[in-house]
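Remarks on the structure that follows.
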There are 2 protein chains.
Amino acid sequence: MVQKEGTKEQLLRVSAELFRKKGYRATSMRDISRALGIKTSSIYYYINSKEDLLREISVKTMNMLIKAGEKVAFSPSPPEQKLKQLVISHVRLLCENLDLFTVTLHELTRTNASSFWKEIVGMRDRYETLVRGIIRNGKESGVFRNVSEKMAGFALLGMLNWIVRWYSPSGGKSIEDIARLWADIFLNGIKER
Amino acid sequence: MVQKEGTKEQLLRVSAELFRKKGYRATSMRDISRALGIKTSSIYYYINSKEDLLREISVKTMNMLIKAGEKVAFSPSPPEQKLKQLVISHVRLLCENLDLFTVTLHELTRTNASSFWKEIVGMRDRYETLVRGIIRNGKESGVFRNVSEKMAGFALLGMLNWIVRWYSPSGGKSIEDIARLWADIFLNGIKER
DNA sequence: GTCTATACTTTGATAGAC
DNA sequence: GTCTATCAAAGTATAGAC
């Protein structure tokens, strides 16, 4: 049985699409309502504010990422395998949910963050901790060199997250090929020789 | 003799500072004029529009990057040395001009780009070409593995550019240490064994 | 749930005096 | 070069009928 998309889900999906295309701030509630084929005021039946829209999108996005990350981090594989699996899962997730991740990663940076972003930033920190933990394990078991987990983690996440800036599903390279190459580059980069 | 900062330079500097902190779109001309201590209308003596402000900031930024990139790419060093030098120069440039680069890199993504961004996108492409060229040279001379220049280039630039998202001058790590570690990781990642 | 109508605020930008 | 005064447009959000 196929689940029909409710208005609320449609609202989040279309909003993310527009936020990605024009930016959160440059997208008006009128833009969103037009794209949905309803009046602007009707949107407020589903959410309390435009910021709520962004918050719901970001929470949903980070939940997907953390869930996938924990699955890998808590598996019984050795660090090298875990890191490779994490890279593949991360890249696939971003490429298959470009609107969600582009918006979340793009807006996540703002210092204006005030209180509203606390939740999202906390989730991002949780994911970073997972990544650093795997690198630390690899160092402890002697397969990775003695690199700073923090700096190596930033290097890896930057390398991976940047993909939302250029990836297009219609491009030539397959997601799996890109992910395998990058896992290979990073692993060889920190592996003990 | 110390060059005094003119109002125009001050305008660009303060604008970049605010754009970085709040985002281009969320920063109003009133915010900028307040920070400058002049009236909003006075800003228009120096520029034609808010978009012009962003364009001038971005052109200035990309010029710095390209100049540094060409200096490295056109040097007589072997590919391995060039890549290491490029990483160091790139990281240092971003960290020493955080406002300029954060704003430019952040806004550069927008699809809304229309005509105005053509110039900036062209400059970014020129820099990417430099990076890919060095990687290709390394492959040709057998020191780098047979990786896609495009994919490896994106990996490297993502890794480097991401630094604007977390770097703070007050942090513990020195710019040189970070750059050397990353050059090391990436070079070992693509080096022929 | 979706509509009409509208309140209220903020925005980028201009005209013209000094 | 900087000011005062002002505009027209666009923004988010609410009230209340259906």
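In the text below, chain A, chain B and the rest are named by the order of the sequence lines, each starting its count at 1.
Few gaps surround NZ on B:Lys82; more than 12 heavy atoms of other groups in view lie less than 6.0 Å from it.
Counting only residues at least two apart or on different chains, the side-chain hydrogen bond (donor to acceptor under 3.5 Å, both in side chains) pairs with a member in residues 156-169 of chain A are A:His90-A:Asn161, A:Arg165-B:Thr109, A:Ser168-A:Ser170.
In this structure, A:Asp184 contributes its side chain and A:Arg180 its backbone to no donor-acceptor pair below 3.5 Å.
Remark: P of D:dC3 and CG of B:Leu36 are 11 Å apart, rounded to the nearest angstrom. For the pair A:Lys8 NZ and C:dT2 C1', the interatomic distance rounds to 17 Å; values are reported in whole Å. Distance CD1 (B:Ile43) to P (C:dG12): 9 Å, rounded to an integer number of Å.
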For side chain to side chain contact (heavy atoms under 4.5 Å, CB included), just list the numbers for A:Leu53 and A:Leu11, CA-CA rounded to whole Å, side-chain angles, deciding distance to a tenth of an Å, and then say yes or no. CA-CA 9 Å; A:Leu53 218 39; A:Leu11 169 62; 3.9 Å; yes
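Proximity of B:Tyr45 to the phosphate of D:dG1: a side-chain N or O atom is located under 4.0 Å from OP1 or OP2. Applying the 4.0 Å criterion to OP1 and OP2 of D:dT2, one finds that B:Tyr46 has a side-chain N or O inside that range.
Partners of A:Lys139 by side chain to side chain donor-acceptor pair (under 3.5 Å), not counting sequence neighbours, listed by chain and number: A:Glu149.
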Going 5' to 3' along nucleotides 4-18 of chain D, which nucleotides have protein heavy atoms under 4.0 Å from the base (write B), which only from the sugar-phosphate (write S), and which from neither (write -)? B------BBBBB---
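When hydrophobic clusters are built by joining Ile, Leu, Val, Met, Phe, Trp and Tyr residues whose side-chain heavy atoms come closer than 4.5 Å, directly or via intermediates, A:Val103 is grouped together with A:Leu93.
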